[in-house]
Structure formats: structure tokens, C-alpha cells
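Just so it is clear, the values below take in all heavy atoms, side chains as well, and ignore hydrogens, waters and symmetry mates. Please read these numbers as outputs of a predicted model, since none were measured by experiment. Each chain gets a letter, A, B and so on, in the order its sequence line appears, and its residues count up from 1.
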Protein chains: 2
Amino acid sequence: MNYSRQREVVLDTLKQNVIHPTAEKLYSIIQIEYPEVSKATLYRNLSQLAEAGIIKKIDGLENSAHFDHNTCLHYHFICEKCGKVFDISEGVAHDVVQKAEQETGFKINSHEIVFHGLCRDCK
Amino acid sequence: MNYSRQREVVLDTLKQNVIHPTAEKLYSIIQIEYPEVSKATLYRNLSQLAEAGIIKKIDGLENSAHFDHNTCLHYHFICEKCGKVFDISEGVAHDVVQKAEQETGFKINSHEIVFHGLCRDCK
DNA sequence: TTTAAAATGAGAATAGTTATCAAGTTCGAG
DNA sequence: CTCGAACTTGATAACTATTCTCATTTTAAA
């Protein structure tokens, strides 16, 4: 992967926004300071960075993918009322892969957990 | 919800196909025997049935939603090679909701786990 | 039987994302 | 340094999955 100013902007902006933004949300944030970054470039870079393991794509939340600069294993909670996304620590399901591999005999390479409910402010 | 022949076909066909089909896959299956069921009706009925809790929509697999006639709590595994979807029993993460609620103070109403890897035949 | 609510088919519309392609940029070999 | 191949970009077209629109048909309860 070669250096590009646009990719740097995408990654830096994602790092500064702990809100697990969607591509569109990130685009609107980036537009304010860096209107030279096009939407195609944003989507391309998000894919590439996720592919390279530098960021993480979160599927299973609403219709659109969210992105996370934190690539350490952890889970997500989305509030049904305010729509905010929160992190849940790995600890809540620490041996889940081992158990699932034992049960099935499959090789598990990754897994995600998404919780839905009401956050502290909304409940 | 009133009775409709089309809805009956959608539900019955889903029940007979344990493969967790996408809407498009289900459409192609239904088309063979019941070409009178339109795509709009299929999507509408899948939404309604899921809304009513009669079937379950599975998000977070590929780009498109899959549907499951089994509404009991369980998880899913998708094979990275053959694309097949398998069930994983609830037992692999039995106290995950309780732990997550304790950790966060949030009210959790539902959760999903998706595993990725290689199934027994593909590994 | 009447009738209001619900459901339908066909296709238009939308949202999110990916593909195309010509032009500009990066970077390592010479 | 400088040249070229590979990489990246912006603009926009295309695509996919899904939802919406609306005139027509079906359901079901009085």
C-alpha cells in the first residue's frame, strides 16, 4: 500500500471519532476539513484499511457498515433508541470460540457479537 | 395479519429450506412452484413475519439478509469457502447477556453471534 | 352481502456500495 | 535525480438489496 494523503485523512479522522461511524457519517465529518477527499476514495480506503487489518468493518448494525479503529477483539452494543454504538469487552464471552469449535469441529477464524437494547441514558 | 396464500407459501418454503436462505435465494426457490408470488410480496412478507417473531432475520452475513424459520435463541457460522450457514447452539455463550448487562448497566433485549471460518468439509 | 382493512403485482425509487477510466502520484531501480 | 510501473484519485455510472407507490384484488367481520 503506497502512501496517500487521502488515506491518511481517512484513518486519522476515524481514529479521532470513537463513535463507530458509518461511511456516510465519516464522509460528512471529513468533508468539513478535507473536501478534497471524494466518496469513492473514502469507500476504497475503508475497504483497503479493513482488508489490511488496520481498521475493522462492523457488519450487522442497521443497513450500513460501521467502522472501528480499534482492532482488538471486542463486541458492540447498539442502542435501539438513540442509535449510538458502544464497545463491550471481550470478557463477556471469553471462551466462546473454543466452545463453538468443540461443538462443531469447524475452524473458527473470527466472530462478532452484536447486542441490541437500551443504553444507560435511554432506558 | 390476515391470511394470504402468498404468505403461506413464503413461510412453508422457508420452513422446508434449512439453509438460511437470502431473500433472493428464497425467491428463486419459490418461483419454481409458485410463480404467482412477486418479489415485493416476498420481501413484504419476510419483514412482516420477522416483525411478528414468526421467523428471524439474520444480519451480518455478507451483504444481504438471511432468514431463519428457527426463532429459538441460537447463533450462526458461515463458511468462508463454501458460504454455507450453520447453526451453533446457545450453549457456547450461555451467560453472555447477563455479563454484558453487568458490565455496562445497559438493558439488553437481543443479541447475535456470527462466526466465520471453515466448515468440516472445507477445512 | 357489504365494506373497511389488508394484501397483492409491477415496477419505480432509494440507499449503500462497487466498478470504470482517464489523469495524477508514489517510489524504487538505475 | 529521473523514469516507469504500479498505485491512487475524482467523477460518475452501475449495481444490489430492499422499500415504496398505487391501482386492483382479497380477506374477514358485522
Side-chain angles (χ1 to χ4, degrees), chain A residues 1-14 17 19-68 78 83 85 114, chain B residues 1-14 17 19-68 76 78 83 85 112 114:
Chain A
M1 223 195 291
N2 283 348
Y3 170 84
S4 89
R5 172 75 183 134
Q6 285 88 334
R7 183 147 47 227
E8 189 179 35
V9 167
V10 170
L11 186 52
D12 287 355
T13 310
L14 187 57
N17 285 276
I19 55 168
H20 311 82
T22 61
E24 293 297 325
K25 177 69 183 165
L26 197 54
Y27 183 66
S28 71
I29 295 170
I30 288 174
Q31 277 304 95
I32 297 166
E33 282 199 67
Y34 309 95
E36 73 272 19
V37 178
S38 76
K39 198 171 277 195
T41 297
L42 171 64
Y43 273 99
R44 242 183 329 236
N45 279 320
L46 288 172
S47 296
Q48 285 175 158
L49 290 166
E51 182 74 23
I54 297 164
I55 65 172
K56 211 168 154 356
K57 185 176 177 182
I58 317 171
D59 291 313
L61 304 177
E62 314 165 305
N63 317 308
S64 38
H66 292 238
F67 294 88
D68 196 340
I78 181 162
V85 177
V114 177
Chain B
M1 223 194 291
N2 283 349
Y3 169 83
S4 91
R5 171 78 183 133
Q6 286 89 334
R7 182 146 48 226
E8 189 179 35
V9 167
V10 169
L11 187 52
D12 287 354
T13 309
L14 187 59
N17 287 276
I19 55 169
H20 310 82
T22 60
E24 293 296 325
K25 177 69 183 165
L26 197 54
Y27 183 67
S28 69
I29 295 170
I30 288 173
Q31 277 305 94
I32 298 166
E33 283 199 67
Y34 309 95
E36 73 270 18
V37 178
S38 76
K39 197 169 278 193
T41 297
L42 171 63
Y43 273 99
R44 244 183 327 235
N45 279 321
L46 287 173
S47 295
Q48 284 175 159
L49 290 166
E51 182 74 23
I54 298 164
I55 65 172
K56 211 168 155 356
K57 186 176 178 182
I58 316 172
D59 291 313
L61 304 177
E62 315 165 305
N63 317 307
S64 37
H66 292 238
F67 293 87
D68 196 339
H76 293 104
I78 181 163
V85 177
E112 304 97 46
V114 177

For this session: Find the distance A:Tyr27:OH to C:dT17:P and express it as a whole number of Å.
Result: 14 Å
Exercise. Could you state the CD-C1' distance from A:Glu8 to D:dT8, rounded to the nearest angstrom?
Worked result: 15 Å
Problem set entry | Residue among A:Asn45, A:Thr41, A:Asp12 satisfying side-chain hydrogen bond (donor to acceptor under 3.5 Å, both in side chains) with A:Arg7 | A:Asn45
Problem set entry | Atom-pair distance (CG on A:Leu61; P on C:dG16), nearest Å | 14 Å
Problem set entry | Per-nucleotide protein contact string for nucleotides 12-21 of chain D (B base, S sugar-phosphate only, - none; heavy atom under 4.0 Å) | B----SBBBB
Problem set entry | Interatomic distance, B:His20 atom NE2 to B:Lys56 atom NZ [nearest 0.5 angstrom] | 10.5 Å
Exercise. What integer distance in Å separates A:Leu46:CG from D:dT8:C1'?
Worked result: 15 Å
Seminar exercise, completed: To the nearest angstrom, the CD-C1' distance between A:Glu36 and C:dG24 comes to 14 Å
Exercise. CD1 of B:Ile30 versus P of C:dT8: gap in Å, rounded?
Worked result: 11 Å
For this session: Identify the residue among B:Ile30, B:Thr13, B:Leu26 that makes a side-chain contact (heavy atoms from CB on, under 4.5 Å) with B:Val37.
Result: B:Ile30
Problem set entry | Other residues, nucleotides, ligands: >12 heavy atoms within 6.0 Å of A:Glu51 CD | no
Exercise. Across the strands shown, which category fits A:Gln48 at heavy-atom distances under 4.0 angstrom: base, sugar-phosphate, nothing?
Worked result: sugar-phosphate
Exercise. Rounding to a whole Å, what distance do you find between A:Asn45:CG and D:dT8:P?
Worked result: 8 Å
Exercise. Rounded to the nearest 0.5 Å, how far does CZ of A:Phe67 lie from CG of A:Leu46?
Worked result: 4.5 Å
Name the pairs: protein N/O against N/O of nucleotides 26-30 of chain D, kept only if under 3.5 Å.
from: D:dA28; atom 1: OP1; to: B:Tyr3; atom 2: N; distance (Å): 3.2

